[in-house]
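Throughout, protein chains are lettered first and strands after them, A, B, ... in sequence-line order, and every chain is numbered starting at 1.
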There are 2 protein chains.
Amino acid sequence: MSDATVDRGRIPRITVKDLARQLGMSVSTVSRAFYDDAVIAPETREKVLRRAVEIGYQPNPLARGLITKSSRIVGLVVSDITNPFYPEVMVRLTEQFQAEDFNVMLVVASPTRNEEEAVRVLLSYHPDLVVMLATTLSSAASASCRKVGTPVVFFNRVGSDENSYAVTCDNVLGGRLIADHLIDRGHRRLGFVAGRPDASTNVDRWHGFQARCAERGVAPPASTGGVAFSYEAGFAGALDLLNREEKPTALFCANDILAIGAMDAARRGLGLSIPADLSVIGFDDIGMASWSSHALTTVRQPIARMIDRTTALALALARGNAVQPAVERLPGELIDRNTTRFIDGQ
Amino acid sequence: MSDATVDRGRIPRITVKDLARQLGMSVSTVSRAFYDDAVIAPETREKVLRRAVEIGYQPNPLARGLITKSSRIVGLVVSDITNPFYPEVMVRLTEQFQAEDFNVMLVVASPTRNEEEAVRVLLSYHPDLVVMLATTLSSAASASCRKVGTPVVFFNRVGSDENSYAVTCDNVLGGRLIADHLIDRGHRRLGFVAGRPDASTNVDRWHGFQARCAERGVAPPASTGGVAFSYEAGFAGALDLLNREEKPTALFCANDILAIGAMDAARRGLGLSIPADLSVIGFDDIGMASWSSHALTTVRQPIARMIDRTTALALALARGNAVQPAVERLPGELIDRNTTRFIDGQ
DNA sequence: CTGAAAGCGCTTACAG
DNA sequence: CTGAAAGCGCTTACAG
């Protein structure tokens, strides 16, 4: 019974040695049983595997990683999680990785522990891959990953450097879709409530929106905000825009949470009715957007496909397959609910 | 330059050996520099540490864990994440653990990978501790943790077995607070919209509510739901209760999301006005509850304190300190906003 | 105070 | 097909 140094009351774990001793085999043989492509007699493998489940042995992936240089850990770095869009993404990504026998190490970047620091400690665990699920552009973090050869893929955000992987919704296209939707309905005085200015989602949506307005000969939209993707920011942004000389008749908010805040400001703060007095449109199509109290017209991110693409890409990268750095932009879809309307005149 | 077996294009990591060679020291000495309580000359330590940051060396916690039997990993198992209450908890717990140099391995239990299976793979990483952040009662999972000697603490949920650790809001008390609030305002026909029946939060809130009603001589509340903690369930639950013979004048919903669904049902579905025609009260005080479109009266969970207690407990446990198994119930606070009112008559 | 050695739990050439 | 040996990147008694 090995040298069971009782570590702080912790029970000594079962190891290959235990299994080997019990079966009268060498540790090498036992070890091989856990690899499908190892040369080992089928009956031997079966014996090992059967006994393993009996005594509850599982190879220690940490020790294994020391040898194989593969930890089967994927690091997930997250920062702004206030958007309900992200928890779902986190969970679904994690599920997918788990299904492929990768485990997720969660790291949160915050004011106290910034992204660079967070990535530094993450890297000490030697993840096979890191995926970034955050809203700000940071090249430093991805640079330190690259320095140690760890591939990184950005989810719903494009890295600031050329050679990184990213999968996002086509935010520029989304912005254009929204411009068309509003302009087609007769709106000419448009407003934009921005989220964080350093988020690629924010800038791309704005660019698309703006560009399409210009193409269709509509006056440049008024814009405000740029503090956060939050209810409060949406509330404040709408108030700002709607108190200006030239009141917009329609607001594009950089995401759904902003839009919900904006609607509350319009309704409760200003006594407006939506969509009668004001059209509002969001982006993301979070669950809440479909609630009858909001019934928000928005652009739905193709979240299932985005997650599929991310895991596929991630897994390929983690396996060491060479794949061209690229950003994949998947088109979103405009979901027309009840917060925009046709206006006459103009 | 060591035996750089180019592993799938991955860059060979810097190790103690590299550092030792560069400094002309032994690996033992270098290793000691990273432990505050190790005997080592101060200047030596400083030299090592300085050089380490220069070349970007960090001890590999995985290799370290092999020796120390401490992975500095805390496993976080999560299942029903649809409640916006949880993402915040996840992030804040993770931040706290990070601050103490623990890292979080996220594991999600789902229909495809149930809790037991999830815990099994988690345990293979030998976490120093696991915290359960889920809504269903499962003793199997905690049993397998105990079998390998890994402490588990339940957050906002009490384990089904006696000797485990848990920190929760005092849900029974919360239910009582709500009963008092409603009864004090003259309500006598009360309704309860349940969440998942297997969640301890749900049963405790219901018990407290019921018991207090009985104590104050109010007729037993009608109850419905019991499918999920979701908007849809709240919507359906309210519809059910409000279509009964004896319509309740006030609804206690087992959490805020249910309450928001219930309010939408009452308002949009039934044309009722809140609180004029119906009082509604929730539980949690998620961010959304304070939005002006909801302004929901609710019981606020003492989330900051709950998290502090959890990390304190967790850290003590992870350090191997003996602490009595116990469930800690922290009192919540009733936040009186705009969804309940006094009724006359009776 | 420092170093050589053993060992943590694994895997993987290398012989047989 | 199997086993003995070396080694992954660390830490920690044990000498000196």
Could you give the [atom1]-to-[atom2] distance, from [X] to [N], as a whole number of Å?
X        : N      : atom1 : atom2 : answer
Arg64(B) : dG9(C) : CZ    : C1'   : 18 Å
Ile67(A) : dA5(D) : CD1   : P     : 17 Å
Lys17(B) : dG3(C) : NZ    : P     : 16 Å

If we count only N and O atoms by modelled type, under 3.5 Å, do the side chains of Ser70(A) and Asp128(A) hold a donor and an acceptor together? yes

For residues Ser31(B) and Ser28(B), is any side-chain donor paired with an opposing acceptor at under 3.5 Å? no

On the nucleotide [N], are OP1 or OP2 found under 4.0 Å from the side-chain N or O atoms that [X] carries?
X        : N       : result
Thr44(A) : dT2(D)  : yes
Ser31(A) : dT11(C) : yes
Thr68(B) : dT11(D) : no

Quote, to the nearest angstrom, the P distance that separates dA6(D) from dT2(D). 22 Å

For dT12(D) and dG16(D), measure between their C1' atoms and round to the nearest Å. 16 Å

Flag the pair Phe155(B) / Tyr86(B) as yes when their ring centroid distance falls below 6.0 Å, and as no otherwise. no

Of Val148(A), Val152(A), Leu122(A), Leu76(A), the residue whose pairing with Pro127(A) passes side chain to side chain contact (heavy atoms under 4.5 Å, CB included): Leu122(A)

Measuring from the side chain of Val39(B) (C-beta onward, heavy atoms only), which nucleotide among dT2(C), dG9(D), dC8(C) has the closest atom? dT2(C)

